[in-house]
Amino acid sequence: MTDDTLLPLSFPAVGRKKITAAFDGGRITSDGGVMLLAAAERRLQLADRLAAAIHDPRDPARVTHAMADIVRARIFAIACGYEDANDLDRLRTDPAFKFACGRLPDSGLDLCSQPTCSRLENLPDLRTVIRLGWVLVDLWLSSYDAPPKSVTLDIDDTVDVVHGHQQLSLFNAHYDERCFLPIHIYDAATGRPVAMILRPGKTATGKEIRGHLRRLIRRIRVRWPTTRILARGDGHYGRAQVMAWCEDNAVDYLFGLPGNKVLQRLVDEAADDIRTHRALEQRPVLRGYAETRYKAKSWKAERRVCARIEATTRGLDIRFVVTNLDKGSAEHVYDVIYCARGQAENLIKMHKSQLASDRTSCRSPIANQVRLVLHTAAYWLMLTLREAVPTTHHLSKAEFATLRLRLLKLGARVTETISRIRLAFAAACLEASLFRAIAITRQPEGP
C-alpha cells in the first residue's frame, strides 16, 4: 500500500489552544457501516450470482481478483456513494472495504483498481448481459417465500442524460438533451426492482414494450403459474399491441390514456354535471368520476375507460385510464389503483439520484447495461438493509441517502492483530443501538 503524505493544516484556535490537523490517523475508515452491506450481500449471495453469469476468460493461475470479488467491491462502493469506478483506486486500500470483501484489512491483498473494474464492465457480450438481467429477475422471484396471489408491476422510463456520443443516445426534444430513456420495472407492493433495461432516448413503440413484457412475464409464469399479474404504467405504455397481448395472455393492465375529443364527448354529461354542482355550491374544486366504453381506430375491440373529472374555477381537468379490470368503481380504479403508480417515481429517484445509476458514460451500450445491473445490485443491498430496520424505528422508511448517512458513513478505527480484527466506532454514534441490532440479527447462521 502506498500512503500519500499531505502537509498538515491548521484551524482557528479554541480555548487559546492551537489546532492542527493531518491525514495521518492510521487505519481509519469513514465507511464502517459497509459491514452491514456485507451481511446483506452474504444473505442474498448477490455477487456470486452475478459473477456466475459472466464467463471469465482469464488464466486461473494468474487471477488475483476473482470475478465475484470485483463485483462485490464495485456494488459496495456504489451503495456507499462512490459511483465512479476510479474511486476504487483509493478505496482498494480502505480497511473496512477490504474486510467487507473478505480480505484482512492490513495483511490482506488490496482490492481491485479502476482498470480492473472497467475491464469487467466491458467484458460481457449481449448474451451475458441478458443472463445478468435474468439473475436480477430471479432474485426478485426468490424474495418471496411462496408465490403471491397477485403482483403489480409498475413500468416507467426516466431520462438519462449522456455526456458524450455514446451508442444508442439520441436527441430528445421533450427533454432538450441527448439521452437514454431506460425502462424501470418495480414490484409495487415491496418496492423491489424487477428489471432495468437501457434503451435509446426515444419513446418506446408498442412492439418494443410488448416484447419486454412478454419476455418478463413468461419468466415469471415459470415460477408463478397461478399468480395474477397487473401491469401498470402511464400513457406511454397504453399501446394497442401491449393491451392486445395482455388480453390474450391473461394479464391485467391499467394504463394512462391521452384524452381526445371523442373521449371528452363520451363523458361530457358527467363533466357538465360536476361543473354545475361546483358552481352552485361555490366550491373551489370538485372532483367526480365516470366510465365509458371506447374503441380507438387502432384497437381491435372496445375497452373500459375510466375518467377522473375535476372542476375548478379555471375550468375542467379530465384524465383518462384504460383497463381490462372488470371490478371496482371508476373512482377506485383511478384513485386507489392507478394513482398508486406515483410511488414508482420515488423508487426511480432513489435508483437514479441516490445511487447515481445515470452514470452510463461507457461508449458501448452493453457496458452501460452492465453498469445499470451493478447499480441495481446496490439498490438491492440498500433495500435489504432498510428491511432489516425495525418497523417502529424512524429509519424504517428512510430514503437511501438517509440510510447511507446514518448507518454507512460511520468513522471507525480498524486494528488487526495476530488473532483478531477490531473495529472501534465513535462513542457518540447516533445510531449505535440500531447498528448493533442489525449486525446481531444479520449474523450468519451456525452449522
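The chain is numbered in sequence order, starting from 1.
- Salt bridge Lys349/Glu399: present, at least one basic N to carboxylate O contact under 4.0 Å.
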**Message:** Evaluate Glu387 against Arg192 for salt bridge (Lys or Arg N to Asp or Glu O under 4.0 Å), listing each step before the verdict.
**Reply:** CA-CA 11 Å; Glu387 290 174 349; Arg192 294 167 182 160; 3.4 Å; yes
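- Interatomic distance, OG of Ser298 versus CE of Met243, reported as 7.0 Å (0.5 Å rounding).
- The structure places NZ of Lys409 at 5.5 Å from SG of Cys80, a figure rounded to the nearest 0.5 Å.
- Using a 4.5 Å heavy-atom cutoff, the side chains of Leu325 and Ile337 are in contact.
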**Message:** Does Thr227 form a side-chain contact (heavy atoms from CB on, under 4.5 Å) with Ile220? I'd like the steps, not just the answer.
**Reply:** CA-CA 9 Å; Thr227 297; Ile220 297 173; 5.7 Å; no
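- Of the possible polar contacts, one joining the Asn368 side chain to the Cys362 backbone as a donor-acceptor pair under 3.5 Å is found.
- In terms of modelled atom types and a separation under 3.5 Å, the side chain of Gln114 and the main chain of Asp89 share no donor-acceptor contact.
- Asp157 has its side chain within reach of Tyr237: a pair of non-hydrogen atoms, C-beta onward, lies under 4.5 Å apart.
- Looking only at side-chain heavy atoms (C-beta outward), Leu230 and Arg228 stay at 4.5 Å or farther from each other.
- Two residues are said to be in side-chain contact when any heavy atoms from C-beta on lie closer than 4.5 Å; Leu434 and Pro390 meet this criterion.
- Of the possible donor and acceptor atoms, none in the side chain of Gln241 sits under 3.5 Å from a partner among the backbone N and O of Arg210.
- Atom CD in Glu431 sits 4.5 Å away from atom NE2 in His393 (nearest 0.5 Å).
- A donor-acceptor distance shorter than 3.5 angstrom exists from the side chain of His375 to the backbone of Leu355, with no hydrogens or angles considered.
- No donor-acceptor pair under 3.5 Å is formed between the side chain of Ser142 and the backbone N or O of Leu139.
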**Prompt:** Hey, mind stepping through Phe180 and Asp358 against side-chain contact (heavy atoms from CB on, under 4.5 Å) and telling me if it holds?
**Reply:** CA-CA 9 Å; Phe180 302 123; Asp358 57 350; over 6 Å; no
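- Under a 4.0 Å N-O distance rule, the pair Lys352/Asp160 does not qualify as a salt bridge.
- Here the side chains of Glu331 and Arg287 are not in contact, with every heavy-atom distance at 4.5 Å or above.
- Between the side chains of Thr417 and Arg422, no donor-acceptor pair of N or O atoms lies under 3.5 Å.
- Taken to the nearest 0.5 Å, the CZ atom of Arg232 stands 9.5 Å off from the OH atom of Tyr338.
- At a threshold of 4.0 Å, the pair Asp125-Arg127 does not count as salt-bridged, since none of the basic side-chain nitrogens sits closer than that to a carboxylate oxygen.
- Counting heavy atoms from C-beta on, the side chains of Ile229 and Arg221 come closer than 4.5 Å.
- The neighbour count for His212 NE2, taken as heavy atoms of other residues, nucleotides or ligands under 6.0 Å away, is above 12.
- Summarising the geometry, atom SG belonging to Cys112 is positioned 12.0 Å from atom CG belonging to Leu109; distances are rounded to the nearest 0.5 Å.
- Ring geometry for His351 versus Tyr186: interplanar angle over 60°, hence perpendicular rather than tilted (30 to 60°).
- For Arg219 (side chain) and Val137 (main-chain N/O), no donor-acceptor pair under 3.5 Å exists by modelled atom type.
- Among the candidates Val129, Asn122, Thr128, the single residue satisfying the side-chain contact (heavy atoms from CB on, under 4.5 Å) test with Val370 is Val129.
- Annotation for Ala77 and Leu88: closest pair CB-CD2, 4.2 Å, computed over non-hydrogen atoms.
- Salt-bridge check for Asp335 with Arg308: failed, with every basic side-chain N at 4.0 Å or more from each acidic carboxylate O.
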**Asked** Please walk me through it: do Arg72 and Asp48 pass salt bridge (Lys or Arg N to Asp or Glu O under 4.0 Å)?
**Response** CA-CA 8 Å; Arg72 190 174 291 112; Asp48 292 330; 3.3 Å; yes
**Stepwise side-chain contact (heavy atoms from CB on, under 4.5 Å) check, Cys101 with Phe76** = CA-CA 9 Å; Cys101 291; Phe76 284 169; 3.8 Å; yes
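- Relative orientation of the Tyr289 and Tyr334 rings is tilted, given thresholds of 30° and 60° on the angle between their planes.
- Ile209 has its side chain within reach of Leu213: a pair of non-hydrogen atoms, C-beta onward, lies under 4.5 Å apart.
- A salt bridge links Asp69 and Arg103; the closest N-O separation between the charged side-chain nitrogens and carboxylate oxygens is under 4.0 Å.
- Put simply, the side chain of Arg74 gets close to the backbone of Glu83: a donor and an acceptor are under 3.5 Å apart.
- Under a 3.5 Å cut-off, the side chain of Ser169 and the backbone N or O of Gln166 do form a donor-acceptor pair.
- With hydrogens and angles ignored, the 3.5 Å screen pairs a side-chain donor or acceptor of Ser143 with a backbone N or O of Trp140.
- Residues Asp94 and Thr29 have side chains that bring a donor and an acceptor to within less than 3.5 angstrom of each other.
- Remark: the Arg223 side chain and the Tyr144 side chain contain no N/O donor-acceptor pair separated by less than 3.5 Å.
- With hydrogens and angles disregarded, a donor-acceptor distance shorter than 3.5 Å links the side chain of Glu416 to the backbone of Ser107.
- The shortest side-chain heavy-atom distance between Leu181 and Val159 falls under the 4.5 Å cut-off.
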**Prompt:** Would Asp31 and Leu408 satisfy side-chain contact (heavy atoms from CB on, under 4.5 Å), going step by step from the backbone distance to the final call?
**Reply:** CA-CA 6 Å; Asp31 300 279; Leu408 301 185; 5.6 Å; no
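- For the pair Val389 and Ile438, the tightest heavy-atom approach, listed with the atom from each and the gap, is CG2-CD1, 3.9 Å.
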